[in-house]
Amino acid sequence: MKGAMRLGALLLSLALCAAAAGCGARPSGSDGGSGVLRVQIESSVQTLDPQRASDGVSFEVIANLTDGLTQPDEDGRPVPAIAEDWEVSDDQLTWTFRLREDALWSATGNPVTARDFVYAWQRAVDPETSSASAYLLSDVGCIENAAEIIAGRLDKSALGVEAPDERTLVVHLSAPVAYFPALMYIPAFYPVEEAFFVQCGADYALSPETLQSNGAFCMASYSPSATEFTLVKNERYWDADRVQLQELRYQRVQESQQALLSYRSNTLDLITLSGDQAAQVRDDPAFNTCYTGYLWYLALNTADVPALGSRALRLALANAIDRETLVASVLQDGSRAAYFYVPDELAYGPDGQDFRAGAGTYGGVLGYDVQRAQGYLEQAKAELGMDSFTLDLIVDDEAEPQRVAKYLQKQIETALPDVTVNVIAMPKEQRTARCRSGDFEIALTRWGADYADPMAYLSLWRTGNVNNYGRWSSPVYDGLLDEAAAGAAAGDPQARWAALQAAEAAAIEEMPAVPLYEKSSAMLCRSTVTGVAFHPVALNRVYKDAVVA
């Protein structure tokens with residue numbers, strides 16, 4: 001046993017030497033300048049394990065370190081990354097990806113192989129991994145046997161993915177998925193080198209020593225929940241000539257006012273602002289707004305909170321909120337009121353129109369209508385035999401979500417005097433954990449699309465989805481999604497689109513969650529910084545082409 005431990009230590013030492021050789025210089029001083037970009041994040045990285053990550057901040061950082069088979073171009077369309085090219089069979093059920101020869105792992109110097117993808121994808125669906133993104137391989141990617149493996153009915157080795165040789169990856173689907181290549185730049189589909197993962201054990205992805213890269217950057221300094229950490233250029237990156245940044249430095253700053261102070265004191269180059277701070281700098285030439293694609297909503301625990309099992313109470317809450325004032329006076333960052341589950345500018349149907357253009361507006365059931373809200377409340381009282389309701393609203397302890405929560409509290413309690421809302425702030429990690437375990441009543445949360453299709457949002461309320469926090473279940477709704485994903489409509493673009501629109505309408509009628517707003521980011525970015533790519537889907541910020549003059 002001791003000999004094995006010494007061997008593991010030796011291997012790790014060799015890996016660290018290789019990492020240092022591939023990742024360029026360690027970070028220098030704290031000042032910015034040519035080749036150094038200093039970026040604000042508002043919350044901590046949840047995990048750097050690609051198969052366990054599910055939040056936008058983690059996605060961004062992981063994508064700096066690791067390439068998948070594809071990457072987004074400037075318009076968000078999938079283009080080659082680790083895969084040089086790919087093809088799909090005539091029945092659209094078999095995808096074959098051919099991998100490039102020059103993609104290397106930073107820590108070991110080994111080539112990235114098709115087997116690394118097979119291993120990673122099997123990890124993603126393995127119940128022992130408890131991946132919040134596993135549904136992307138089953139419900140969304142429709143990879144053969146993924147659902148059965150996640151449910152524990154088949155071994156992970158049965159997953160429909162194989163590596164006939166080191167440079168060929170073959171994927172078998174149970175239904176056509178036209179957007180399959182776009183899924184490949186989501187971290188759940190990123191490769192992992194098995195030997196390195198086994199060597200790191202429980203410490204995998206917790207430090208620079210237990211992380212490795214095949215992407216544009218390597219991790220130079222990091223610890224879980226770190227408020228500051230630094231990435232450096234990966235000299236072994238297959239596309240290293242494209243990458244101009246030498247260092248990418250992250251700082252977690254939760255308060256908008258503090259972010260503005262840091263920008264003005266020249267310790268940050270790119271920040272996001274909201275509320276009063278956004279209003280203060282609106283005329284600054286460095287100010288801009290960018291649509292992020294996030295839908296913010298109230299998750300309602302319909303399974304474990306009897307009062308929220310009442311459709312009438314859910315609709316009362318939904319109609320008690322003035323969303324237009326929320327975005328105009330509280331957020332002030334270009335965000336837009338949302339009265340639906342599938343945001344604008346996400347996906348376009350067979351007629352070329354935005355999903356929202358052909359879907360319903362739902363004004364008959366959802367809007368700011370105090371009289372209607374009070375009517376629903378009276379109905380809920382009668383159904384439940386209750387005269388009043390007290391509900392806890394859990395929210396991240398960041399400044400902006402707390403401001404939104406306080407606004408919602410006042411709105412609901414003013415419109416519905418018999419409803420009391422208690423706002424409870426906590427770290428995002430704790431709030432997320434409580435949502436996933438069902439230990440909440442109402443939660444203020446958000447969702448960003450991993451791929452450009454309405455299913456990216458609609459699958460949230462499918463029975464059994466780990467991100468269906470409120471445990472809402474509807475056979476009618478599930479049936480419509482099944483029809484679009486794998487039923488007769490799956491191969492007919494128009495029928496599929498109609499099924500997805502019908503699914504959204506069915507869900508809005510039941511209101512398993514209360515949509516609030518589509519998020520935009522108000523930003524200040526120094527004029528010396530160019531080339532940062534912003535996307536509303538999957539990877540919101542990409543730095544491979546960023547330049548700091």
Side-chain angles (χ1 to χ4, degrees), residues 50-51 53 56 59-60 62-89 92-100 102-103 112 114 116-118 120-121 124 133 135-137 139-143 146 160-161 167-173 175-191 214-216 237-239 242-243 291-293 343 345-350 352 354-355 448-457 459 485 490 493 496 531-545:
Q51 276 68 57
F59 274 19
E60 176 179 319
I62 292 170
N64 290 325
L65 303 170
T66 314
D67 271 6
L69 292 168
T70 68
Q71 59 189 324
D73 69 6
E74 62 182 8
D75 297 317
R77 294 176 299 222
V79 295
I82 299 298
E84 286 185 322
D85 57 57
W86 54 86
E87 61 187 25
V88 63
S89 61
Q92 300 182 60
L93 296 179
T94 302
W95 290 82
T96 302
F97 296 88
R98 284 171 286 273
L99 277 57
R100 61 177 59 255
D102 52 353
V112 180
D116 297 332
F117 286 92
V118 173
W121 294 13
S133 297
Y135 76 98
L136 290 170
L137 285 81
D139 297 357
V140 177
C142 296
I143 298 178
V161 58
R167 293 188 57 212
T168 306
L169 184 72
V170 180
V171 187
H172 304 284
L173 307 185
V177 179
Y179 49 82
F180 194 74
L183 297 178
M184 298 301 100
Y185 51 74
I186 303 171
F189 293 92
Y190 287 2
N214 68 21
Y237 183 42
W238 64 270
D239 204 10
R242 167 183 172 183
V243 181
Y291 177 52
T292 67
E345 301 175 31
L346 171 72
Y348 298 84
D354 190 311
F355 181 86
D450 296 319
Y451 53 100
D453 189 83
M455 195 71 83
Y457 288 91
S459 64
R496 180 177 183 275
V532 180
F534 297 92
H535 301 289
V537 175
L539 306 176
N540 289 133
R541 300 188 297 196
V542 178
Y543 302 96
K544 290 178 183 177
D545 296 314

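Positions are given from 1 along the sequence.
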Does [X] use its side chain to pair, donor to acceptor, with the backbone of [Y] at less than 3.5 Å?
X      : Y      : result
Arg167 : Leu99  : yes
Glu60  : Val542 : no
Asp75  : Arg77  : no
Thr94  : Ser89  : no
Asn540 : Thr292 : yes
Ser133 : Ala53  : yes

With sequence neighbours excluded, residues passing ring-ring contact (aromatic ring centres under 6.0 Å, His included) with [X]:
X      : result
Phe189 : Trp121
Tyr348 : none
Tyr451 : Tyr179

Euclidean distance, [Y] [atom2] relative to [X] [atom1], rounded to 0.5 Å:
X      : Y      : atom1 : atom2 : value
Arg541 : Phe534 : CZ    : CZ    : 6.5 Å
Ile82  : Asp116 : CD1   : CG    : 9.5 Å
Asp73  : His535 : CG    : NE2   : 7.5 Å

Testing the basics here: between [X] and [Y], what is the closest heavy-atom pair and its distance to 0.1 Å?
X      : Y      : value
Asp67  : Ala81  : OD2-CB, 4.1 Å
Ala216 : Lys544 : CB-CG, 4.0 Å
Pro50  : Ile62  : CA-CD1, 4.0 Å
Val177 : Cys142 : CG2-CB, 3.8 Å
Ala449 : Tyr457 : N-OH, 3.3 Å
Pro454 : Phe355 : CG-CD1, 3.4 Å

Worksheet entry | Test log, rule side-chain contact (heavy atoms from CB on, under 4.5 Å), inputs Leu93 and His172 | CA-CA 6 Å; Leu93 296 179; His172 304 284; over 6 Å; no
Would you please name every residue forming a side-chain contact (heavy atoms from CB on, under 4.5 Å) with [X], sequence neighbours left out?
X      : value
Ala146 : Val125, Leu137, Ser138, Ile143, Leu159
Arg100 : Glu84, Asp102, Ala103, Trp238
Val88  : Gln92, Trp95

Quick one, [X] and [Y] - any side-chain contact, counting heavy atoms below 4.5 Å?
X      : Y      : value
Asn64  : Tyr543 : yes
Leu539 : Pro72  : yes
Thr168 : Thr96  : yes

Discussion item. Working note: Leu346 + Val537, criterion side-chain contact (heavy atoms from CB on, under 4.5 Å); need CA distance, chi angles, decisive distance, verdict.
Written reply: CA-CA 8 Å; Leu346 171 72; Val537 175; 3.9 Å; yes
Item to complete: Indicate whether the side chain of Tyr190 and that of Asn214 have a donor and an acceptor atom separated by less than 3.5 Å.
Response: no
Item to complete: Evaluate the side-chain contact (heavy atoms from CB on, under 4.5 Å) criterion for residues Val171 and Phe117: first the C-alpha distance (whole Å), next the side-chain angles of each, then the deciding distance (0.1 Å), finally the verdict.
Response: CA-CA 11 Å; Val171 187; Phe117 286 92; over 6 Å; no
Item to complete: List the steps, then state whether side-chain contact (heavy atoms from CB on, under 4.5 Å) holds for Met184 with Phe97.
Response: CA-CA 11 Å; Met184 298 301 100; Phe97 296 88; 4.2 Å; yes
Practice prompt. For atom CD of Glu345, decide whether the heavy atoms of other residues, nucleotides or ligands shown that lie under 6.0 angstrom number more than 12.
Written response: yes
